[in-house]
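Below, each value reflects all heavy atoms present in this structure, side chains not excepted, and no hydrogens, waters or symmetry copies.
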Amino acid sequence: MLLVILMALVIPILMAKFNLRNIPTAVAEIIVGIILGVSGFNWVDTSNSQLNFLSNLGVIILIFLSGMEIEFDLFNKKQDSQINPVKIAAISFLGIAIFSISLGAVLSILGLFKDIFLASIIFMTVALGVVIATLKEKEILSKTIGQSILLTAVLGEVIPLLGLTIYASIHGGDAEKLWLIILLFLAAIVLLIRFKRPYLWFNKITKQTTQIDIRLAFFLIFALVSIAEKVGAENILGAFLAGMVMKLLEPSEATKDKLTSIGYGFFIPFFFMMTGAKLNLKSLFTNQAALMLLPILVLAFFIAKLPAALTYLKFFTKGNALAGGLLTATTITIVLPTLQVARKLNAISQTQSDAFTLAAIITCIAGPIIFNSLFKLAPEDKIKEKVLIYGANVFSVAVAQELHDKWYSVEMITDDQEAYNTYKSRVESLVYCDNILATTDFNYDIVASSGSDDERNYEFAKKAKEAGTQRVIVRQKQPDANRIAELGQLDIEVFNGYSARTSAMRALIESPAFYEILTDSDNILYDVKIQNHRYAGHQLMDLSFIDKITVSRIKRDGEWLAPHGTTVLEVGDEIVYTGKVEDADMIRELLSRKN
């Protein structure tokens, strides 16, 4: 156990030291496990009950965290039909399923593997944990292509899981108990309903010594895993449902960060290293039949995922589409329990099982490495926020032109025909719409209602907030106190030109240096919210780029903090800073990148 924990510490340090960015940590842990296990020095006892317990718990937590990564907003929000990750994933997996069944039939015809249904389950599986770890390290999990690959991997985990449960029940003589799986899903729904409202209260009473959110997470894991085992389903299906329930409870970023730290910091490395340690390459290489089957299976794993690459090709660049397709070819998590079930039912020989296992590990090593080598972040993926500006006038057009194109994707809309004719040549994204309230899609990060009519701005801003837009800004030239109070209750930000000009003049009189910062084109005042977990927990003075910027204020939980070198950053902190444009670009990209 000490050796495994030591390796878990040393592996990422060595990878950072030798700049091995193209190899995911999970893959490196499998390789190290092979070296330490029965295929190498045999320093790790694979029969050790404590190690196996931690390994099993590691895979359960890995699948739990996988369930927490699903963005359920994708199923609720109106999506552009051309770039809908749900649609892309569904089409991809449908093709994968068809190819997998076909490959199973081909192996059966050739006499290499008789059980078509079992082969189909194995070929359509995707190693969701490895995929998520790779996407996290590449920091594209929240991007459209990242969500498309993630949802494809989710289907490649859940559908084979259900298929394996059905296969085991039928071949094990328990087909009449299949309906019991419904109880597992009902239990997940009951737990979600039971804890939805109390969870908000838990956040208020949690303490450093209680950590109720983490205790609840582990209760959900063990409750649904226990029910899954009782009804005859695989325990990882229960873990995945527990992750989905936890996600729907809307945990804070701090909670997610703690659970990720517990999983990837301790338990999950045991699973990956023990997977490698248990692989017996020595016996495999002495078995000619297994060696002959090995290249066929590796090729079959990649061919089965060809539909994913072809589907991605319609929506993303060629290199990224190929990279995404190859990443979905990685498989190990579901393959191992599938082979274990098949061996118990005598549906597969030990030779075939070893060949499938090694082929799966090869895909786990090759897929992520090739993905990291081929994948390049597209320019559109680097844009952080989509902005919609309502109203075309001198003020709003100037704002649209001034917004940083590396940080914002700006669109303008107006229902004033004369204004549209006046400004359409100056704003490429300007669109005219007659019935603007009824037809506008508010699927934007920021909506600014900045027309010339206060009442129209007010109606548009309320409509945007009702549609679920996170930030709504409304321009009011002559707002009254009641309206300002109402907009405040709706969490709509108010901009008043008169107040802004007054504040600017006062700043020029009282703080000329501050006014100079506001108007200096080389050293602008910037604002960024930390979303990159890599920078959470670090002191301000330890940031590698701190010498390039001056931090003025940090906003945390609605309160402004005076920054010091020893101030420890947290996910969700809003930092106000100054610096040169090129430095600000780089720093905003690093801090706001979701991973």
Let me see the working for Lys555 and Asp527 under salt bridge (Lys or Arg N to Asp or Glu O under 4.0 Å), right down to the final yes or no. CA-CA 10 Å; Lys555 190 175 184 180; Asp527 180 292; over 6 Å; no
Could you check Asp491 against Lys465 for side chain to side chain contact (heavy atoms under 4.5 Å, CB included), going step by step and ending with a plain yes or no? CA-CA 8 Å; Asp491 197 25; Lys465 201 66 183 179; 3.8 Å; yes
Could you check whether Gln470 and Tyr444, counting side-chain N and O atoms only, form a donor-acceptor pair closer than 3.5 Å? no
Gap between atom CD1 of Ile145 and atom CG of Leu150 - 0.5 Å precision: 12.5 Å
d(Leu430 CG, Asn421 CG) to nearest 0.5 Å is 9.5 Å
My understanding is that only residues two or more places apart in sequence, or in another chain, count here; which of them pass side chain to side chain donor-acceptor pair (under 3.5 Å) with Gln539? none
Excluding sequence neighbours, so at least two apart, what forms ring-ring contact (aromatic ring centres under 6.0 Å, His included) with Phe395? Phe495
Is there a side-chain contact between Ile413 and Ile389, using heavy atoms and a 4.5 Å cut-off? no
State whether the side chain of Asn457 and the backbone N or O of Gly451 hold a donor-acceptor pair below 3.5 Å, judged by distance alone. yes
Residues in ring-ring contact (aromatic ring centres under 6.0 Å, His included) contact with Tyr458, at least two apart in sequence or another chain: none
Any Met68 side-chain heavy atom under 4.5 Å of Leu259 side chain: yes
Could you walk me through whether Phe375 and Leu327 pass the side chain to side chain contact (heavy atoms under 4.5 Å, CB included) check? CA-CA 10 Å; Phe375 187 88; Leu327 184 60; over 6 Å; no
Rounded to the nearest 0.5 Å, how far does CG of Leu374 lie from CG of Leu322? 5.5 Å
Residues at least two apart in sequence or cross-chain that pass salt bridge (charged side-chain N to carboxylate O under 4.0 Å, His left out) with Glu574, listed by chain then number, are none
Using modelled atom types and a 3.5 Å cut-off, is there a donor and acceptor pairing between side-chain atoms of Thr440 and backbone atoms of Ile436? yes
Can you tell if the side chain of Tyr312 reaches within under 4.5 Å of the side chain of Ser92, non-hydrogen atoms only? yes
Does Ser429 use its side chain to pair, donor to acceptor, with the backbone of Val410 at less than 3.5 Å? yes
Not counting sequence neighbours, which residues clear ring-ring contact (aromatic ring centres under 6.0 Å, His included) with Tyr390? List them please. Phe460
Go through it in stages, so that I can follow the logic: the residues are Glu459 and Arg456, the test is salt bridge (Lys or Arg N to Asp or Glu O under 4.0 Å), and I'd like the CA-CA distance, side-chain angles, deciding distance and then a yes or no. CA-CA 5 Å; Glu459 293 175 2; Arg456 195 66 170 160; 3.4 Å; yes
Is the closest basic N to carboxylate O distance between Arg475 and Asp454 below 4.0 Å? no
Under the side chain to side chain contact (heavy atoms under 4.5 Å, CB included) test, residues paired with Val397 that sit two or more places apart: Gln401, Met412, Tyr423, Arg426, Val427
Min side-chain heavy-atom separation Val551-Pro563 under 4.5 Å: yes
Tell me every residue that passes salt bridge (charged side-chain N to carboxylate O under 4.0 Å, His left out) with Glu455, counting only those two or more places apart in sequence or in another chain. Arg483
Pairing residues for Phe219 by the side chain to side chain contact (heavy atoms under 4.5 Å, CB included) criterion, not counting sequence neighbours: Leu191, Phe195, Leu216, Ala223
As an exercise, state the distance from CD of Glu570 to CG of Leu561, rounded to the nearest 0.5 Å. 9.0 Å
Can a side-chain donor-acceptor contact be found between Ser396 and Asn393 if the only test is distance below 3.5 angstrom? yes
Ile554 side, atom CD1; Glu559 side, atom CD - distance, nearest 0.5 Å: 13.5 Å
Heavy-atom count around Gln417 CD within 6.0 Å, excluding the residue itself: above 12? yes
Indicate whether any N or O donor in one side chain lies under 3.5 Å from an N or O acceptor in the other, for Glu486 and Asn482. no
Could you tell me which residues satisfy salt bridge (charged side-chain N to carboxylate O under 4.0 Å, His left out) with Asp434, sequence neighbours excluded, listed by chain and number? none
I'd like to know if Lys386 pairs up with Glu411 as an ion pair, taking the criterion as any Lys NZ or Arg NE/NH1/NH2 lying under 4.0 Å from an Asp or Glu carboxylate oxygen. no
To the nearest 0.5 angstrom, please state how far the CD1 atom of Ile159 sits from the CD1 atom of Ile96. 11.5 Å
Go through it in stages, so that I can follow the logic: the residues are Val431 and Thr414, the test is side chain to side chain contact (heavy atoms under 4.5 Å, CB included), and I'd like the CA-CA distance, side-chain angles, deciding distance and then a yes or no. CA-CA 6 Å; Val431 174; Thr414 182; over 6 Å; no
Partners meeting ring-ring contact (aromatic ring centres under 6.0 Å, His included) with Phe64 (sequence neighbours left out): none
Could you check whether Asp573 pairs with Lys529 (Lys NZ or Arg NE/NH1/NH2 to Asp/Glu carboxylate O, under 4.0 Å)? no
Do Tyr264 and Leu62 have side-chain heavy atoms sitting under 4.5 Å apart? yes
Give the intermediate values and the outcome of side chain to side chain contact (heavy atoms under 4.5 Å, CB included) for residues Thr144 and Phe316. CA-CA 10 Å; Thr144 302; Phe316 310 111; 4.2 Å; yes
Could you check Val131, Thr25, Thr134 and say which one makes a side chain to side chain contact (heavy atoms under 4.5 Å, CB included) with Pro368? Thr134
Provide the closest heavy-atom pair for Leu128 versus Ala153 in the form atom of the first, atom of the second, distance. CD1-CB, 3.5 Å
Heavy-atom side-chain proximity of Ile88 to Lys314 below 4.5 angstrom: no
Given Val447, which of Thr469, Ile492, Ile473 fulfils the side chain to side chain contact (heavy atoms under 4.5 Å, CB included) condition? Thr469
Side-chain contact test, heavy atoms from C-beta onward, threshold under 4.5 Å: evaluate it for Phe93 versus Leu151 and give yes or no. no
Can you list the residues that meet the salt bridge (charged side-chain N to carboxylate O under 4.0 Å, His left out) rule with Lys463, with sequence neighbours excluded? none
I want to check something: taking the side chain as every heavy atom from C-beta on, are Leu184 and Leu241 in contact at a cut-off of under 4.5 Å? yes
Are the charged groups of Asp213 and Lys258 less than 4.0 angstrom apart, N to O? yes
For Leu186, what residues pass the side chain to side chain contact (heavy atoms under 4.5 Å, CB included) criterion, not counting sequence neighbours? Ile182, Leu183
Can you tell which of Thr566, Ile546, Asp547 makes a side chain to side chain contact (heavy atoms under 4.5 Å, CB included) with Met541? Thr566
